[in-house]
Each structure stands twice: as structure tokens, then as C-alpha cells.
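The figures that follow rest on heavy atoms only: side chains count, while hydrogens, waters and symmetry mates do not. The chains referred to below are lettered A, B, ... by the order of the sequence lines, with proteins before strands, and numbering in each begins at 1. Bear in mind that the values here come from a model prediction, so they are computed numbers and not experimental data.
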Number of protein chains: 2
Amino acid sequence: MSNTLIAEKGEKSADLLHLEAFMPYRLAVLATLVSDSFSTTYSDRFGLTIPQWRVMAAIGHAPGSSASKICTYANLDKVQVSRAVAELVQRGLVRRDVDEADRRNMMLTFTARGWHIYENIVPVARDYEKRLLEGFSEDERAQLDRLITKLAERAAAL
Amino acid sequence: MSNTLIAEKGEKSADLLHLEAFMPYRLAVLATLVSDSFSTTYSDRFGLTIPQWRVMAAIGHAPGSSASKICTYANLDKVQVSRAVAELVQRGLVRRDVDEADRRNMMLTFTARGWHIYENIVPVARDYEKRLLEGFSEDERAQLDRLITKLAERAAAL
DNA sequence: TGTAATTAGTTTCATATGAAACTAATATAG
DNA sequence: CTATATTAGTTTCATATGAAACTAATTACA
């Protein structure tokens, strides 16, 4: 009876894979949860998208970087960086000057307003991270750090 | 000199936040990396998107579930589920029948072809996870499990 | 009962995304 | 040198996404 066969398959397969215990799924859910709650805290206050926030972080980290440096540093593709920068320039937070040493490159720096915003976001970000890791011992933090690095290495190899 | 002031700010702020050490960023990058490499392995072979894969996993786990059950189980919103199901029905992998007990609900089950695909994907998924965690000791796996759960709890609270 | 509120799922619409094509500048080879 | 390849960044275009509006069914309660 094909109906019975299908039902049996269903019962068997139910034990084969539980999404809630499946590592790629768990990582995706966790990252989305963290990302959403974090981005809420800064998009509410500063009106930045995730790529915009990362570009700000990249410029703050290394002012004068080119867009392609930012792609690498912030793990964004060049279209995302191009658009994020355009918007930040538009809003008067970032300056985009041609690098005279190689006129293909853009030199990206903050305006005074950009620095102001950046210096306000950084403590918010630090505080978010602090609250996220509240209740984690020094040992747990070190473990987490190590395990994430190890996982990223493995994933990059697959 | 305002130029000097800005340069000094740049140097100071560069130490304030390193994206590569910032937990929300690291989790996002890791999840994307894992998600991309995993989805490549099954989209190449089975032509499924991420929401479609999760819907398949949900139906395999609990055949006959409604779309809203699948939203909860697979952490997808109802639009994603609606569209993924429509496509899977279209492709002859899933049946969508009205639940006569409550005609608002859809009862989602696999067709024979759907079961076939599902039973082929599950080993691929298991194998991917196995390779991802290759080189992780039992203790490291347990730690990872615990830390992810703990992080997700914290993030949900923020 | 009949009316309001709720729930399930779909569709619409406006925005987000990224691959591929494009422009401009530089580097490399013949 | 000139021609070709490469690199940086932007724009275009087709698809993905999700909030809000919508349809249909059920439940709550006056």
C-alpha cells in the first residue's frame, strides 16, 4: 500500500535531521538574531544600514582607505560599498576624494560630522557586545573566540 | 589646526573598535560563510533555495504541518514559506491540501518525488555538518553547542 | 446568534540585492 | 610605444525580500 509506505518513510525520516540541532541552521539563526538586535540599536539612533555601519567602522579603523580595502576589511561586496559610500557622502558623513597616486582609487575619510557620528556609535557597539556577552566567563569568551575561528577556517575549506 | 585634530581623532578611534574582533560581525561573517558553502552543495544538486531547503526539512521532520508551524520550526516568515511552498508544489515535490478540520490551515506533505529528494538531501546535509565539525573533539562540540545556545538566549533578551 | 477580533495564508508594492555590463585608469606584453 | 589585460568603482537589470494590505475561515463575546 503506497500510502502506508509514504507514512513509514515520514516516520523514519523525521529522525534523520532536526533543523534545530543542525549547525548551519543554528549559526544562521543566531547570526540573524544578533544582527537584528544590534542593527536596531544603531539604526534607530543613527539611521545606518548594516553595510553603512560596516563602512563607517572601516573608515574609523583606517581613514583614507579605498573602497576595495573596505570590501576586504568589512566583508562586503563592491556594489554594497559603492552604494553605502554614496549614501554616506550624500548625508555629509564621508568624503570621497580621488587618490592622485592612482586615480582609480577613492580615498575615503570622515567629515567632522562623520567623526562625530562614528564616535557616538562606537560606545553603543561596545555596549551591545558587552551586554551580549554578559554572564560569559573569561574562559567561555576565549573558547567562543577559538571555536568561531576554527569553524570559519573549516567552512572556508568546504 | 583642524586637519591635525581630525587626524588625531582617526588614530585614537582606530583603537576603539576592530570589526574583525567584534562579535556581531564575526557571527554574521561565519554564518554567511557556512550558509553559502552549505547552500552551494544542495542548490547545485537539487536546485533548492535556503527557504525551500528549510521547508523540505520541516516537512520531513513533521509531515502534514501547516505553513505557520513551518514558520516557527524553520525560523522563516510566512511570506517566505508561502513562496517556497508554491514553488515546491509547482515542481511536484510537495502537496498542499486544505485541512478540513480548520479550513484556514494547509496540510503540507511530500509527494513521492518529494520524499525521494528529501532522502537524498539529508545525507548530504549530515555529511556537510560532519565535514564542518571535522577536527572538533567531543568536548569542543559540547562547548560550541552550549555557547551558541547561551548566545542566542542573550541576544533574544536584547 | 450576529458582529468584532483573531488567525492562516496570499498578493502587492516598494526596497534590497548582486551578477554582469560598463567606464576609467593603470599595468603588462609584444 | 601601442595593444591587451587587469583593477577600481559605478550603473543596470533582473530577482529577492518583507511590510502592509488583502481574502478567507474561525473564534470570542454581547
- Is any side-chain heavy atom of A:Arg154 closer than 4.5 Å to a side-chain heavy atom of B:Phe136? yes
- Item | Gap between atom CZ of A:Phe22 and atom CH2 of B:Trp53 - 0.5 Å precision | 5.0 Å
- Query: Taking OP1 and OP2 of D:dT7, is either one under 4.0 Å from a side-chain nitrogen or oxygen of A:Ser68?
  - Reply: no
- Note on the structure: The answer to which of A:Arg104 and B:Asp102 contacts DNA chain C further toward the 5' end, by nearest nucleotide, is B:Asp102
- Item | Distance, rounded to the nearest Å, where B:Asn105 contributes CG and C:dT6 contributes P | 18 Å
- Task: Calculate, to the nearest 0.5 Å, the distance between atoms CG and CD belonging to A:Asp139 and B:Gln143 respectively.
- Result: 7.5 Å
- Query: Tell me, which of residues 77-101 of chain B have any heavy atom that sits under 4.0 Å from an atom in DNA chain C?
  - Reply: B:Lys78, B:Val79, B:Ser82, B:Arg83, B:Arg96
- Item | Terminal axes of the helix from C:dT1-D:dA30 to C:dG30-D:dC1 (five pairs each): angle between them, nearest 10 degrees | 10°
- Item | Rounded distance (nearest 0.5 Å) linking atom CG of B:Leu151 with atom CE of B:Met23 | 6.5 Å
- Task: Please state how far atom NZ in B:Lys69 lies from atom C1' in C:dA8, giving the value in whole angstrom units.
- Result: 12 Å
- Task: Kindly compute the distance separating OG1 (B:Thr41) from CZ (B:Arg131), expressed to the nearest 0.5 Å.
- Result: 7.0 Å
- Query: So does B:Arg141 pair up with B:Asp145, basic N to acidic O under 4.0 Å?
  - Reply: no
- When rounded to whole Å, the CG to P distance for the pair A:Leu76 and C:dA16 reads 15 Å
- Task: For B:Thr49, answer base if it contacts any base atom (sugar-phosphate contacts may also be present), sugar-phosphate if it contacts only those atoms, and nothing otherwise; contact means non-hydrogen atoms under 4.0 Å.
- Result: nothing
- For the pair A:His61 and B:His18, name the ring-plane relationship: parallel under 30°, tilted 30 to 60°, perpendicular over 60°. perpendicular
- Between B:Ser65 and B:Tyr73, is any pair of side-chain heavy atoms under 4.5 Å apart? no
- Message: I'd like to know if the side chain of A:Thr111 reaches the main chain of A:Leu93, judged simply by a donor and an acceptor atom lying under 3.5 Å from each other, with no hydrogens or angles considered.
- Response: yes
- Item | Donor-acceptor pair, side chain of B:Glu87 and main chain of B:Ala84, under 3.5 angstrom | no
- Item | Length of the line joining A:Ile70:CD1 and D:dT10:P, which is rounded to integer Å | 11 Å
- Task: Compare all side-chain heavy atoms of B:Val98 with those of B:Met107 and state whether any distance is below 4.5 angstrom.
- Result: no
- Query: CE of A:Met106 versus C1' of D:dT11: gap in Å, rounded?
  - Reply: 14 Å
- Identify, residue by residue, the members of residues 28-44 of chain B with a heavy atom below 4.0 Å from DNA chain D, and return them in order of residue number, or none. none
